[in-house]
Amino acid sequence: MALDLNHEAAAIEADAARWFFQNSDELFIVMHQGVIAWVNPAWTAITGWSREETVGKTLVDFSDPDEAELINATIRTLQTTGEAATEHRLRARSGEWLWFRSRSTRPVRGAALIVSRHITEERARDAAAEAKRKSNELLRAEAGIFAWSYNPDTGVYRVDPDLSGPVVPGSVATIEADGSRTLTLETLITQIHPDDVAGLTQAFFQSVDTGEKQVVSYRHWNPEGQMWSTLRAAWLGTHRCPSGKWEMLGVTHDMTEVAVARDAALHGERAAQAAAEAKAQFLANMSHEIRTPMNGVLGVLHLLKREALSEGGRRLLDEALGCGSMLSELLNDIIDFSKIEAGRLDLAPEPVCPASILQGVIRLLKPEAEAKGLYLHATVEADIGWAQLDPVRLRQILFNLIGNAVKFTLTGGVEARLALAAGPERRLRIEIGDTGVGIAAEAQESLFERFHQGDGSTTRRFGGSGLGLAITQRLVRLMDGAIGFESREGEGSTFWVELAAPKAEQPLAADEDAAATLLEGLRVLVVEDNGTNRLVATRMLEHLGASVETAENGAEGVEAARRGRFDLIFMDVQMPVMDGVEATRQIRALPDPAGQAPIIAMTANALAHQQASYITAGMNGAVAKPLSPAALVAEISAVLGSAGAAAAA
Ligand code: ADP
């Protein structure tokens, strides 16, 4: 019975082995005395060689000659150890080379049994995976890009196996048995900047639900560098998990360097801005330094006008006053340029008479035109009257345009026309036509660009900086206006400007002579450290009928204000011991009526926003140095007018 059973079992085993030989996906090759004695059907199915074509040949017959040595070495190992294993290629009947992983054994002497698994596809997959790994490695090392995946069913975030380095820059992860680094999302989140967590997780879990693509930037703590890395992650769903949520595939890009570079660029921009502001400040300071002595010179010249002078002396005086004004204009141009550079040019509109400003500019430029034998005149439409405009800027625009017209005209002349423009709002239109050299068509387009000049030869012939038109255009824009021109080379040019010019009332005391009694019977205090300026201010105010006392610095000024009852105080801003702003604060703190006296700043700081800050400090108005009688009268009228109105109220 037992014998029978054993016999039966052996028969089953033999059948099974035969069945396995016949049906296996692996090749079975039986070798005898070095030649192939038997192959299973898988051999023919995979290689295409029939059993007849195969039996009796050697393995080397199917191998690459380059691999003959590998095969022979394997056979030698088999002979000495009884077993061998190798990966090698066999040529299919189609001529294609197929990869196999073979193990062989030697059941009896002179025989060998080889089992070979076909691995061509597996090797191709491995090669592809290796290429992907290398490209990921390269992306990470050279571009700071990390590829990752996230499985919502396990909650695990992982990067490709074999990649060295952390899951995300600086993060700490678990290293799995297969070499991949994993991190639970909870752990990952603890490493993200608290301000970025909500946005990042909201976007991420939305994708987990919908599979949609998202791109998010966030900060991730890098413990090695002890800093926040700036990361940019993009992801999308690849397929649905059994739970119905999407498995994510993503890349994370370390943008820290880019962010640092961007910050540096921003910093550079700010530094440039700060430099421009420093330059503007420097120029404002310089202009103060230059204006202080110039204030003295011009003030004395204005006083001289009231002295008895010979005819010749008066002409010389007018000449000196004209040059002084031009020097002021030049100073203003330099300051404007710096203010435009720093992006802060403030307007100070007031009631002005555009016609007399135009006439004033024409008067200033007339000597230059006459010296060249040119005519220069202005025609003014009758009903222009007064307008609310910044006089300094209007004068500057006219000076630039008429100055250019005179400069670029060799014969004939220049005519300026002032009129009201057609249209619903009140706008001035000024046209300046010349019979000059004109502007070449190709130069016309970029004429308003900074430092641009008609052409090289023009520069040599006429000089100039190429700044005038650029400044003019910006001023015009700032004044809610427009500028343009028409020109023909060799025939002349016409520049035009239109400016918003709301109607204004003529100020009452603008007439210098009629103002002789403006301050009749009033007590005025002048606080000014510079002796010449003190003298000039005192004399100008005395001409207006005031009785004047002086103080040499802010502290003395406060003391004087406390003792005497003044109807008006003129206050220099920059002074030793105590400056004008502080003195104003202290005067305002005095008991009435001393604390109530109207205070007018005298300042060489032409920057409008600085003037505004004096008003904030408690002053009632400001006049620019160098003092001119007309501006003084206008400001006194304005301040006393409003102070009177306030008192009446
Ligand atoms: P600048 O006069 O200092 O060179 P501008 O900015 O005022 O600078 O003018 C730029 C250029 O425009 C001048 O160099 C000149 O070539 C041209 N231009 C300006 N006005 C006239 C004009 N009236 N006639 C001919 N060319 C002009």
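Whatever order the structure lists ligands and atoms in, that order sets their numbers, starting from 1. Side-chain atoms are counted along with the backbone in the values below, which use heavy atoms only and exclude waters and symmetry mates.
- The residue from Leu358, Leu418, Leu364, Leu365 that alone fulfils the side-chain contact (heavy atoms from CB on, under 4.5 Å) condition with Leu398 is Leu358.
- Contacts between Asp434 and ligand 1, counted as non-hydrogen atom pairs separated by less than 4.0 Å, involve the side chain only.
- Annotation: side chain of Val527 is in contact with side chain of Met575 (closest heavy-atom distance under 4.5 Å).
- Remark: distances from the non-hydrogen atoms of Phe495 to ligand 1 include one below 4.0 Å.
- Proximity to Ile439 (heavy-atom distance under 4.0 Å) selects the following atoms of ligand 1: 25 (C), 26 (N), 27 (C).
- Side chains of Asn400 and Thr472: a donor on one and an acceptor on the other come within 3.5 Å.
- Atom numbering of ligand 1 starts at 1 in the shown order; those under 4.0 Å from a heavy atom of Ala405 are 23 (N).
- Near Lys407, meaning under 4.0 Å from one of its heavy atoms, ligand 1 places the atoms 1 (P), 2 (O), 3 (O).
- Look at Asn400 and you'll find every heavy atom at least 4.0 Å from all atoms of ligand 1.
- Residue contacts with ligand 1 do not include Gly436, since none of its heavy atoms lies under 4.0 Å from the ligand.
- In summary, the atoms of ligand 1 found under 4.0 Å from a heavy atom of Leu447, numbered by their order in the structure, are 12 (O), 17 (C).
- Salt bridge absent: Glu368 and Lys407 never bring a charged side-chain N and a carboxylate O closer than 4.0 Å.
- When only interatomic distances are considered, the shortest N/O to N/O separation between Leu469 and ligand 1 falls below 3.5 Å.
- Using cut-offs of 30° and 60° on the angle between ring planes, the pair Phe495 and Phe485 is parallel.
- The closest donor-acceptor contact from the side chain of Gln444 to the backbone of Ile439 lies under 3.5 Å.
- Side-chain atoms of Val437 and Glu489, non-hydrogen and from C-beta on, never get closer than 4.5 Å to each other.
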